[in-house]
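Have a look at the structure below before the remarks.
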There are 2 protein chains.
Amino acid sequence: MDTATATQVLDSLASSLRLNIYRGLVRRGPDGMVAGEIAAALGLPANNVSFHLKDLTQANLVTVEQEGRFQRYRANIPLMLDLVAYLTEECCSGHPEQCTTYRQASRVSDGVLPALSRSLPPSPGGR
Amino acid sequence: MDTATATQVLDSLASSLRLNIYRGLVRRGPDGMVAGEIAAALGLPANNVSFHLKDLTQANLVTVEQEGRFQRYRANIPLMLDLVAYLTEECCSGHPEQCTTYRQASRVSDGVLPALSRSLPPSPGGR
DNA sequence: GTTACACTTCAACGATTCTTGTATTTTTGA
DNA sequence: TCAAAAATACAAGAATCGTTGAAGTGTAAC
């Protein structure tokens, strides 16, 4: 992932409306939701939701599939996982032993940081 | 984590400038950087960087410590890990077996999703 | 073929955000 | 105490974003 992609993804989620849409879709998993369903769930006008869905789709955070006259949306979970990798990439400049401090401070960190440490490149700056 | 916090964190990272600051700090780990060092590394005016550092600090994504006449900034990694948990919370409505599809699609997902599945609440909607 | 439905696109106004320049605060060293 | 350095606070202009209303596209039903 590059900076431009990461910024686009983060910006797409930086609105509470879009964040709620995305989280709702994550919750549904592979089933997804159709546009009207999303708008109804959030109590918002359809065109407004459509506007933000387009934004999420362009960022590749959600996917669309035509289904008769409905549009079914699904969350793109793998992209989120890649974003996390990008955000914590080169943590501690390739000295994962320093990350130990962090692992203790979060509920879920046990699973996350070891995975990231494993995929760490050798640190270009190499200090 | 609640929606307001998540939105604030995401919004803080949604600018390429702030994203670069944050990633630079992640890379430094516990050592962090002082404000002038950050501004120099990015080739930006000090007041502009200070503006965005304040934003990141208010979102709690970075911490500040006075050090003589310098201000040392460090990335708050645990908050990022909590954000990831929030974003993928209740994935597939508490049926983690559905998430198997996702795990295969990302380099780092092996470490992430199992951890999330383990910490999943019983799904309030409970369908 | 025509009508209704689901959804998207477009234009426009108000609100928010980003950058820059200037001034202020705090600390260091003489 | 005084001067210099590091960093932040404040104000103003340009640029961007979000919501709303009206119009448009495509699909399904009659």
Side-chain angles (χ1 to χ4, degrees), chain A residues 3-25 28 31-76, chain B residues 3-25 28 31-76:
Chain A
T3 304
T5 305
T7 303
Q8 190 183 21
V9 171
L10 288 164
D11 198 51
S12 291
L13 290 174
S15 137
S16 64
L17 202 163
R18 290 193 291 269
L19 181 58
N20 285 332
I21 292 176
Y22 178 78
R23 295 225 313 149
L25 289 175
R28 294 301 188 99
D31 292 345
M33 295 170 88
V34 299
E37 204 179 347
I38 298 172
L42 276 66
L44 292 167
N47 60 349
N48 192 8
V49 172
S50 178
F51 174 83
H52 292 289
L53 279 171
K54 185 184 177 185
D55 197 292
L56 287 165
T57 305
Q58 281 175 342
N60 199 29
L61 263 170
V62 306
T63 59
V64 200
E65 191 185 4
Q66 184 96 26
E67 200 172 83
R69 55 177 158 175
F70 299 91
Q71 301 272 114
R72 183 164 295 273
Y73 288 88
R74 296 182 178 87
N76 181 1
Chain B
T3 304
T5 304
T7 303
Q8 191 183 19
V9 172
L10 289 164
D11 198 49
S12 291
L13 289 175
S15 137
S16 64
L17 201 163
R18 291 192 291 270
L19 181 59
N20 284 331
I21 292 176
Y22 178 78
R23 295 224 315 148
L25 290 175
R28 294 299 187 100
D31 292 343
M33 294 170 88
V34 300
E37 205 179 347
I38 299 172
L42 276 67
L44 292 167
N47 59 350
N48 193 8
V49 172
S50 178
F51 173 83
H52 291 290
L53 280 171
K54 185 183 174 185
D55 196 293
L56 288 165
T57 306
Q58 281 175 346
N60 197 30
L61 261 171
V62 306
T63 60
V64 199
E65 189 187 4
Q66 185 95 26
E67 199 172 83
R69 56 178 157 175
F70 300 91
Q71 301 273 110
R72 183 164 296 273
Y73 289 89
R74 294 182 179 87
N76 181 1

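By convention in this document, chain letters (A, B, ...) are assigned in the order of the sequence lines, proteins followed by strands, and residues within each chain are numbered from 1. Just so it is clear, the values below take in all heavy atoms, side chains as well, and ignore hydrogens, waters and symmetry mates.
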To the nearest angstrom, how far is [X] atom [atom1] from [N] atom [atom2]?
X      : N       : atom1 : atom2 : value
R72(B) : dA6(D)  : CZ    : C1'   : 14 Å
M33(B) : dA6(D)  : CE    : C1'   : 15 Å
R69(B) : dT27(C) : CZ    : C1'   : 6 Å
I21(B) : dC18(C) : CD1   : P     : 12 Å
D11(A) : dT16(D) : CG    : P     : 13 Å
L17(A) : dG18(D) : CG    : P     : 9 Å
F70(A) : dT25(D) : CZ    : C1'   : 16 Å
N48(A) : dC10(C) : CG    : P     : 16 Å

Do any side-chain nitrogens or oxygens of H52(A) fall under 4.0 Å of OP1 or OP2 in dC17(D)?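 No, because none of the side-chain N or O atoms of H52(A) sits under 4.0 Å from OP1 or OP2 of dC17(D).
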If I compare all heavy atoms of [X] with all of [Y], which pair ends up nearest, and what's the gap?
X      : Y      : answer
A59(A) : V9(A)  : O-CG2, 3.9 Å
M33(A) : I38(A) : CB-CG1, 3.7 Å
N20(A) : L42(A) : CB-CD2, 4.2 Å
S16(A) : T3(B)  : CB-CG2, 4.3 Å

Any donor and acceptor pair, going by atom type alone, linking the side chain of E67(B) with main-chain N or O of R69(B) inside 3.5 Å?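 Answer holds: no.
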Side chain of S50(A), backbone of A46(A): donor and acceptor closer than 3.5 Å?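 Not at all, since once roles are kept as given, no pair shorter than 3.5 Å links the two residues.
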Using a heavy-atom cut-off of 4.0 Å across all strands, would you classify R18(B) as base, sugar-phosphate, or nothing?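 It contacts sugar-phosphate atoms only.
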Side-chain donor-acceptor pair under 3.5 Å between N76(A) and T63(A), yes or no?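 Judged by distance alone, the side chains do not pair up.
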Taking the nucleotide of DNA chain D with the nearest heavy atom to each, does P45(A) or G68(A) sit closer to the 5' end?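 Of the two residues, P45(A) wins.
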Distances for protein N or O near nucleotides 8-12 of chain D N or O, under 3.5 Å:
from: dT8(D); atom 1: OP1; to: Y73(B); atom 2: OH; distance (Å): 2.2
from: dT8(D); atom 1: OP2; to: S50(B); atom 2: OG; distance (Å): 2.7
from: dT8(D); atom 1: O5'; to: S50(B); atom 2: OG; distance (Å): 3.1

